[in-house]
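Numbered from 1 within each chain, the chains take letters A, B, ... in sequence-line order.
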There are 6 protein chains.
Amino acid sequence: MRVGVYPGTFDPVTLGHMDIIARGAKLVDRLIIGVATNPSKSPLFTLEERVAHVRRETAAIPNVAVVPFDALLMHFAEQQGASVIVRGLRAVADFEYEFQMAGMNQQLNSAIETVFLMADVALQPIASRLVKEIAAYGGAIDKFVSPAIAADVRARIAANAARG
Amino acid sequence: MRVGVYPGTFDPVTLGHMDIIARGAKLVDRLIIGVATNPSKSPLFTLEERVAHVRRETAAIPNVAVVPFDALLMHFAEQQGASVIVRGLRAVADFEYEFQMAGMNQQLNSAIETVFLMADVALQPIASRLVKEIAAYGGAIDKFVSPAIAADVRARIAANAARG
Amino acid sequence: MRVGVYPGTFDPVTLGHMDIIARGAKLVDRLIIGVATNPSKSPLFTLEERVAHVRRETAAIPNVAVVPFDALLMHFAEQQGASVIVRGLRAVADFEYEFQMAGMNQQLNSAIETVFLMADVALQPIASRLVKEIAAYGGAIDKFVSPAIAADVRARIAANAARG
Amino acid sequence: MRVGVYPGTFDPVTLGHMDIIARGAKLVDRLIIGVATNPSKSPLFTLEERVAHVRRETAAIPNVAVVPFDALLMHFAEQQGASVIVRGLRAVADFEYEFQMAGMNQQLNSAIETVFLMADVALQPIASRLVKEIAAYGGAIDKFVSPAIAADVRARIAANAARG
Amino acid sequence: MRVGVYPGTFDPVTLGHMDIIARGAKLVDRLIIGVATNPSKSPLFTLEERVAHVRRETAAIPNVAVVPFDALLMHFAEQQGASVIVRGLRAVADFEYEFQMAGMNQQLNSAIETVFLMADVALQPIASRLVKEIAAYGGAIDKFVSPAIAADVRARIAANAARG
Amino acid sequence: MRVGVYPGTFDPVTLGHMDIIARGAKLVDRLIIGVATNPSKSPLFTLEERVAHVRRETAAIPNVAVVPFDALLMHFAEQQGASVIVRGLRAVADFEYEFQMAGMNQQLNSAIETVFLMADVALQPIASRLVKEIAAYGGAIDKFVSPAIAADVRARIAANAARG
């Protein structure tokens, strides 16, 4: 059985992430979506919320599991029994960063292969960071995330604003 | 009448910005220079100072107006009646970020077109961030900004240093 | 009156070209589509055919004219009274080549501005060269060019094959 | 059973290709290496020779088959029952071209996924074209191809030179 | 006598840095390694520690000196009597940033030349930032830094963790 | 004594080449400009003419020699006793190709270092190929090459046109 790991912060999970998940789930027998704690980025949603979001959005894909992690990606992949790390590519800037990471990961464990997938071209400009920026200014984000995630983002931003 | 918006932080406005402004002002009937608040970047100059700087530097260009904004760029462009967003391109890294932004902006309002202009090649390496770094160490910035802006930058850095 | 020139070989004109033409036609008062002879590339269609194709495809856009040219682009733009050269950007490789051209064109005539537009993201991978490759092997090109162009391409490739 | 296709000209097959083949063979149950005719590039070795080379070099990998093809890649992949197209990435220039191809291939058949693998960093600069250039000038190519391929390349270049 | 300056933060010095130092030391008669204070990045090691590390690692290279600096790079180079600034290139992202810096430095002092060297391809993915990330999660960093630096990094991370 | 080799086709030698030559000549004690035969590119000028051009243009730089070569670059560098190969960088596309070449050259002879220099930013867009294209259409090339080279290019193009 081939196991793959698709790591990310998913703050929030976008239609671009969902597209990569759908593609990755066809590539391996079991796809573990690793949700990184990433405290340094001060996420909009807590780790628990982000795990719940990704679980809800991927509920219809049978061979996907969502697992939080706070470890070196390579250790997480080893612990999950993965032979594949799935990464989405959108642009040259992604590519360079990913290549550097993949190059160091080859050195850490050459038995686990990094595999790059390309999101649907229409979804490639979507970035979680820009989704949050647009929502913070009251812009429409419905073309970038699912309706449920859009509602969650709007509610959280309103709550943060109310708290001052 | 074609209205364009050229957004930026302008902290400080450089000769590279001025070159794009001159080019953009020929492309549209009225060019609105949108000065973004950008509090997250802790700018060297306040919003009011940056607006005043850009107004002073562009005083001789008749079809230019300088307007502060604290909103989603697309909303600002809509509110100004713009059909064009002007962006300067210098390098591949710019290009990628700009393309991602433009791709999401196409989704937000497909009637407003992002237009990329290329600064004079001799001005392309100039970046506000590097201008401030050079000035902070007492380096000469006269080839990168106007004499008046250079004096303002030196005065502000001296004042900040005096305050500790 | 602002006049723009959008140059290309258009062998054949694709949906990506059509998207840039539609965007460019809103940016200027009159858009001249310059169809380059380009004999060195041994095009699939003759210059006359390519001019006819672009005319047919743009018939519904009132401020567009289609003009063949066999000259330096800058001379063609000057002769057409243009103040703007429109170029489509798709990818970093385009960007670099375009930047080099635009940099030299700034030196040739600094009064004519090169303006870069971004095609709809879903249309960005389309390249005339790949369209011809796909068609040559009997692949479907209907998502990349209009039905009429697709028929023309298929007919020409069949005729070329029959001729040996 | 997951079937993958790894297409190329392999003129000659390099250590970089071999590295991608070894990685791809672990990713799918059966990896078809598609050797393209590519007459336009006037290859050093005939199609039959290149197929024989790749077969000899991959003889020890049980789930690999080598098949010549003269068709649209997507049609070849469909005919082989593949759900995956494997591509090696080395550099940004590769990436851009590959992305454009993959974007058009998504449109041709969205059920067949393009998967990008990264060669060992030490092997990334290797290009068949440069191997041939180096060999043509009598340079050592032993670090870029297997000993058997190096001998074949030297013999062919000597034979071509003798023929004038 | 040609003097070169190779500036960096070296937090920590990696095998990639060492490779560039070895190459740079052959290019000039005397190579000054400038260790930047860089307080904004909150380094893992103090300036004194980083200077000591680089001195220890380069002890066997006779024409190398290690000097801390807290100044504009160009002023530091002038003060050291350098005619050359040495920079390592790994990837396009490096290249762009470096080009922008070098472009501004040409304006500051055209007599001091920026010279780019390429690290051994196998060492190119190594980045100090990733070394620290890997070590922070208990991953093995022995392939990226010398044994002595690896021990120093592990000790410092353990001490930081003990302090909370 | 440090010897460097700066290879190229120089068809024709441009102000960008001259800028790199001036920079390279300060970096080494003796700079050999290697003029490549390059028959595959069907150059505008013969090898002898190109050698004569570069000799004439560099006559005022005492430590430069101009040498034709028809060999593997690395063999030419070894034969000239060079420890350095000088390459000019202008853009990312250059960078990628150069990196691939330099990576393979590291394998061929690790004692000869490839050194990348950056041309003056104002000269970076200049490419011999575009100079010839512009001249072929009667465009002005005086900002891209010296007056003497411009005259030679115009004369050759006129002679070629007269010959049909």
Novice: Hey, what do you get for CD (Gln106(A)) to NZ (Lys143(E)), rounding to the nearest 0.5 Å?
Specialist: 10.5 Å

Novice: Going from CD on Gln107(A) to CZ on Phe144(E), what distance comes out if it is rounded to the nearest 0.5 angstrom?
Specialist: 5.5 Å

Novice: Rounded to the nearest 0.5 Å, what separates atom CE in Met101(A) from atom CD1 in Ile134(E)?
Specialist: 7.0 Å

Novice: For Ala136(E), is it the side chain, the backbone, both or neither that has a heavy atom under 4.5 Å from a heavy atom of chain A?
Specialist: neither

Novice: To the nearest 0.5 Å, what is the distance between OH (Tyr137(E)) and CZ (Phe69(A))?
Specialist: 7.5 Å

